[in-house]
Amino acid sequence: MKISGGGDAHPRFEADARFGLVPAESGRAVSVEAEGSARLVVGPPTQAAGAYLPFSIGGAFKARGTQVRFENVDLAIDPGGRALRLGGTGRLDLRQWRAGLNLESRRLDLDAFLASPEGQSLIARGLPSWAGGLPAMLDLDLAVGSAVVGGEEWSNLALTGTLERAGGLLLRRLAVTGPADSSVSVSGQVETAPFRVTGPVMLSAPDSEALGRYLRRLGLDGPLTALLDGRRIEAAADVSADAASLSLRNLRLGLGPARITGNARYTAAETGTRGRFEAQIRATGIDIAGLPPVGTALGSLRDLDLALTLEARDVRFGAAGSGNGTIAARIQSDGAGLAVDSLDVTDLAGASATLSGRIGADGTGRVSGRLKAPVAAPLLGLLERVWVGEIRLLPAFLRDAPLDLAVALDQEGGASEALRTQAKGSAGGGTLDLILASRGTRIEGGTATLTTPRAGLWFGRTDIAGLQRPAELHLKAERPGADALALTIDGTVAGLRIATGRPLQIGADAVPVGGEVRADTADLAPFLTLAGAARLQPGAGRRT
């Protein structure tokens, strides 16, 4: 018997089979047996593909009763372009209306397929219409020796799961080995209507730098990929995701000696409601000096309500200190309101910090505390990574000297979105009086007054007699545009009068791109000595 049908607006089906009646095992009845070949074509050349994924599948079969076995199965996705071909075996239970495919391929070039006109058309169409419903439940067992994705070879791809009639996927196992022996393993449930993914995910990368380069090539660059700097990474979590939320439970992350555990959940904003991010994190063995700047990532949370609980032990800053530092925080935000129930840093290379308080949604209230350190660098390094990156511009004399500041935060202008930070105390071998306005992770403006009884402390040159005189600087920062910060300077350093005729324009890369600075002194000798000139006698003349 030869059977054919479909085409045009329907898939094309062809079969060439021989049927027979044979005695059943009981001998009292007969059963139907058949053998032959069959082929199904979805899409060109027999059908306009429309919203379908174009493919063809065919092979030889043998059937007895309701059980059908397939041999020499050949599956070609998009046979009219850069075809992806797989071969193997299959089965079909006509009583339960359940099918199975065991397919394998030595190599699949997914990059070439997706770059072809047919692949681009498939990407533009999105999920095919059959993803919302199949004629039979399909058990799939897929093995691929190597696959090219994103310009890299992925090997030993193994996928087992079941495509349900309603369009969902029960993913029993998905495992693959990627760049530099990194490996990914996923299992769980995938639903298409509505979209939802649940199940455990595991990632292992002995050389995280190679994985980071691969992700950046795909355009996934940022603070998290900056963590992939060569240290071994091990990550696992129970993931639940849909179109509006992402939840990570039983998170376990190992990055070199650092270990992080906890739970996190993100919920997108909906009409009339704000989005929300909440996390409970425990960490050990973190090196603050090795962290990338994550202020941008944290700043993206400013439009979300936040509930964060953090406990970190054995925290260090490079090779400095005992490595027994702790960071504990409980922070919440609701709209414009901010509540710092507690933020405590202890023994971070000898540094400590405490903050607590509340700022109401109407702008009232404040958060206050104290920062103290024998060397300011660890605390400034922490603030640089989790707050504003411009802290990296602070000179060495502020980083290397003791720090003892009273700090207060409130909202500038009452209910304004800008956060005003006031800090007053000792820093850089003298005093500091700072008022800084910031919005998210960006400095909007501020003022600062720095004084010291001996200017030589600022330059690390206590041996130059002419620099052992007082210094006082007044600085004012404003942001006239999105790409630059205007800095005005006025003051005296060991008899050298400094003033900006035109404000310095500090570009995005922290390099001055414009402005004018005037310096006037009656004695250049100490400053020429500081610059490396031969030692001169005092009173070398007035210079402007």
Side-chain angles (χ1 to χ4, degrees), residues 289 317-321 348-351 371-384 389-405 423-434 436 446-477 485 487-501 503-504 506 509-513 515-544:
F317 185 83
L348 179 58
L371 308 179
K372 191 172 183 179
V375 177
L379 275 181
L380 296 178
L382 177 61
L383 293 175
E384 174 190 337
E390 283 90 346
I391 289 178
R392 71 185 184 278
L393 304 179
L394 293 178
F397 74 84
L398 285 176
R399 293 180 173 275
D400 298 337
L403 181 75
D404 191 352
L405 297 175
K424 190 171 185 178
S426 62
T431 64
L432 171 66
D433 191 347
L434 170 72
L436 187 68
T447 61
T449 298
L450 283 164
T451 68
T452 181
R454 294 173 308 188
L457 294 173
W458 287 359
F459 302 103
R461 293 298 299 270
T462 58
D463 60 319
I464 302 177
L467 296 181
Q468 309 316 306
R469 300 166 61 189
E472 182 174 339
L473 284 178
H474 303 276
L475 299 93
K476 181 179 180 181
L485 197 67
L487 183 64
T488 302
I489 305 173
D490 181 55
T492 304
V493 179
L496 177 71
R497 177 71 181 175
I498 301 175
T500 48
L504 294 177
I506 309 299
D509 56 357
V511 176
V513 295
E516 177 185 312
V517 179
R518 294 181 61 84
D520 183 86
T521 181
D523 185 5
L524 273 176
F527 298 99
L528 291 174
T529 303
L530 179 65
R535 199 176 284 274
L536 301 177
Q537 294 298 321
R542 182 181 185 87
R543 297 292 185 271
T544 299

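Since the structure is predicted, the reported quantities are computational estimates derived from the model, not experimental observations.
- A distance of 10.0 Å separates OG1 in T521 from CD1 in I498, rounded to the nearest 0.5 Å.
- With values rounded to the nearest 0.5 angstrom, R461 atom CZ is found 14.5 Å from R454 atom CZ.
- The two residues V493 and F459 make their nearest non-hydrogen contact at CG1-CE1, 4.0 Å.
- Taking all atoms of both residues into account, the shortest heavy-atom contact from A349 to P378 is CB-CG, 3.6 Å.
- At least one side-chain heavy atom of L450 sits less than 4.5 Å from a side-chain heavy atom of L398.
- The shortest side-chain heavy-atom distance between D433 and K424 falls under the 4.5 Å cut-off.
- A distance of 8.0 Å separates CG in D520 from CG in L496, rounded to the nearest 0.5 Å.
- The nearest pair of heavy atoms linking A373 to A351 is CB-CB, 3.5 Å.
- For F397, the ring pair (Phe, Tyr, Trp, His ring centres under 6.0 Å) partners two or more places apart in sequence, or in a different chain, are W458.
- In this structure, CD1 on I464 lies 5.0 Å from CG on L530, to the nearest 0.5 angstrom.
- You'll find the side chain of D490 reaches within 4.5 Å of the side chain of R497, heavy atoms only.
- Closest approach of A455 to A471, counting heavy atoms only: CB-CB, 3.9 Å.
- Contact between D523 and A525 at its shortest, heavy atoms only, is OD1-N, 3.0 Å.
- Contact of the T500 side chain with the L487 side chain is not registered, since no non-hydrogen atoms from C-beta on lie closer than 4.5 Å.
- From T447, atom OG1 reaches atom CG of L475 across 9.5 Å, with rounding to the nearest 0.5 Å.
- With T451 contributing its side chain and G430 its backbone, the two residues share no donor-acceptor pair below 3.5 Å.
- Of all heavy-atom pairs between G491 and L473, the closest is CA-CD2, 4.0 Å.
- In this structure, T449 OG1 and K476 NZ are separated by 12.0 Å, a value rounded to the nearest 0.5 Å.
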